[in-house]
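Because the structure is a prediction, the values reported are computed rather than measured. Whatever order the structure lists ligands and atoms in, that order sets their numbers, starting from 1.
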Amino acid sequence: MRAKEYGEPILALESTIISHGMSFPENLNFAKKAEGLCRESGVVPATIAVIDGVPHVGLEREQLEKVSRSDNIKKVSIGALGLSIAKGWSGATTVSSTAHIASLAEIPVFSTGGIGGVHRDAELTFDISQDLITLSQTPIVVIASGAKSILDIPKTVELLETLSITTVGYNTKEFPSFYSRVSGVPIDEVESPKDIIKIFNTNKSLRHSSATLVANPIPAKSEIPKKEIEEFIESALVQLSKQEIRGKEVTPFILKYIAKKTGGRSLEANIALALNNVALGIEVAKMMS
Ligand code: PSU
Ligand code: MN
């Protein structure tokens with residue numbers, strides 16, 4: 001990347017949130033807005049995806065459009081990254097594969113929507129996101145609005161702790177739950193981008209290789225209270241088992257189902273929280289460079 005050579009601030013962005021997390025054309029508008037916010041602030045946006053077997057750090061306009069239209073775009077987590085490159089596939093990268101590629105490219109900060117985590121019935125399905133393992137092995141600042149409320153938040157936070165992932169709340173003492181600012185699960189608080197960078201650098205000097213996960217709650221005005229969204233999540237989970245949806249289809253299915261049931265309100269909330277994470281990522285990227 002040219003920006004890297006010139007020492008410009010760069011913010012990594014993932015592409016599965018675009019291809020599988022939102023519908024067209026709202027996803028393309030969101031992606032353009034996220035990149036636009038970066039550019040306006042003097043930060044180079046690096047949306048990461050695999051296009052025809054080549055991992056890209058920063059996408060051209062047509063590539064962003066291809067990802068948004070989900071034309072033959074697979075959802076590629078870290079375990080399938082080498083596979084998709086070797087096979088010449090096109091794939092959108094999740095938090096795990098995006099964080100990995102960003103870290104290889106020496107981009108120290110990455111903004112997303114919500115990380116994957118431990119699914120609610122994980123004791124039966126064993127469905128736990130690759131995101132958690134990758135975050136435990138990848139030294140990068142990841143800014144997310146906690147984990148999606150479709151997950152089991154207490155179990156997810158437990159596993160973050162087990163995997164020794166440094167997790168902090170941005171101006172909050174509670175781990176946020178994506179659509180909502182609260183979850184009842186306590187975490188340590190940080191107050192500024194400066195705090196975040198200090199923690200990240202301290203981890204580096206300690207040779208602790210986990211990510212610094214910054215849980216940034218959704219802006220209050222876009223929040224959907226837990227008791228309102230919960231009903232839809234529960235009916236989504238019923239549909240999920242009825243239709244026997246498993247594996248990597250689970251998260252996209254639930255997001256789509258909830259967007260439909262809330263008349264697009266959950267999609268609006270998703271966009272608002274992701275842009276808010278981009279805004280914080282911009283501040284961190286600028287201060288780091
Ligand atoms: N956050 C969003 N929308 C998404 C995702 C996160 O706002 O679509 C994606 C991310 O790419 C994350 C993935 O890594 O969901 C997790 O999928 P799984 O549960 O299959 O690991
Ligand atoms: Mn899964």
Side-chain angles (χ1 to χ4, degrees), residues 12-24 26-27 30-31 33-34 47-50 67-68 70 73-81 84 91-102 110-135 138 140 142-153 155-156 159-160 165 176-180 211 213 215-218 222 224 229 233 236-237 240 245-259 266-278 281:
L13 302 166
E14 63 146 318
S15 47
T16 293
I17 184 174
I18 305 171
S19 63
H20 291 72
M22 297 176 187
S23 49
F24 184 83
E26 289 84 5
N27 59 357
F30 157 73
K33 233 184 228 167
T47 303
I48 293 178
V50 178
V67 168
S68 304
S70 302
I73 297 280
K74 295 180 192 291
K75 175 179 166 188
V76 176
S77 292
I78 185 74
L81 183 59
S84 67
T93 50
T94 62
V95 168
S96 63
S97 44
T98 306
H100 185 80
I101 293 171
F110 160 34
S111 289
T112 180
I115 60 162
V118 182
H119 283 260
R120 289 191 186 192
D121 50 356
E123 64 273 32
L124 302 171
T125 62
F126 278 42
D127 191 350
I128 298 173
S129 178
Q130 295 178 40
D131 292 353
L132 297 183
I133 316 258
T134 301
L135 291 180
T138 314
I140 186 169
V142 176
I143 300 168
S145 299
K148 283 176 277 294
S149 36
I150 60 174
L151 302 167
D152 188 316
I153 304 281
K155 285 199 186 91
T156 300
L159 201 51
L160 284 167
I165 299 164
S177 55
F178 201 65
Y179 300 121
S180 137
L213 175 63
N216 187 28
I218 183 172
S222 305
I224 309 180
I229 198 88
I233 295 173
L237 294 175
L240 196 72
I245 291 158
R246 295 195 189 95
K248 63 182 185 172
E249 320 295 337
V250 168
T251 298
F253 174 87
I254 298 179
L255 289 175
K256 201 178 278 173
Y257 182 93
I258 295 172
S266 69
L267 179 59
E268 265 171 54
N270 198 345
I271 291 172
L273 67 85
L275 291 176
N276 190 47
N277 295 337
V278 170

| Which ligand 1 atoms does Gly21 reach within 4.0 Å, using its non-hydrogen atoms? | 8 (O)
| remark: Of all the N, O or S atoms in Asp127, the one nearest to the Mn ion (ligand 2) is OD1
| remark: Going by the 4.0 angstrom heavy-atom rule, the piece of Leu255 near ligand 1 is side chain
| task | Just let me know how Met22 lines up against ligand 1, side chain, backbone, both or neither, with a heavy-atom cut-off below 4.0 Å. | result | neither
| query | Strictly under 4.0 Å, does any heavy atom of Gly114 approach an atom of ligand 1? | reply | yes
| request: If you have a sec, work out which protein heavy atom is nearest atom 3 (N) of ligand 1 and how many Å separate them, to one decimal? | output: Ile17 CG1, 3.6 Å
| What part of Thr94, side chain from CB on, backbone N/CA/C/O, both or neither, has a heavy atom under 4.0 Å from ligand 1? | both
| Proximity to ligand 1 by part of Thr251, non-hydrogen separation under 4.0 Å | side chain
| note | Under 4.0 Å between heavy atoms, the region of Asn270 that gets near ligand 1 turns out to be side chain
| request: Please determine if Lys248 has a nitrogen or oxygen closer than 3.5 Å to a nitrogen or oxygen of ligand 1. | output: no
| note | the protein heavy atom lying closest to atom 20 (O) of ligand 1 turns out to be Lys75 NZ, 2.7 Å
| task | Would you check, one step at a time, whether the test side chain to side chain donor-acceptor pair (under 3.5 Å) holds for Ser149 with Ser177? | result | CA-CA 5 Å; Ser149 36; Ser177 55; 5.3 Å; no
| task | Check Gly21 against Asn270 and note the closest heavy-atom contact, atom names and distance. | result | O-ND2, 4.1 Å
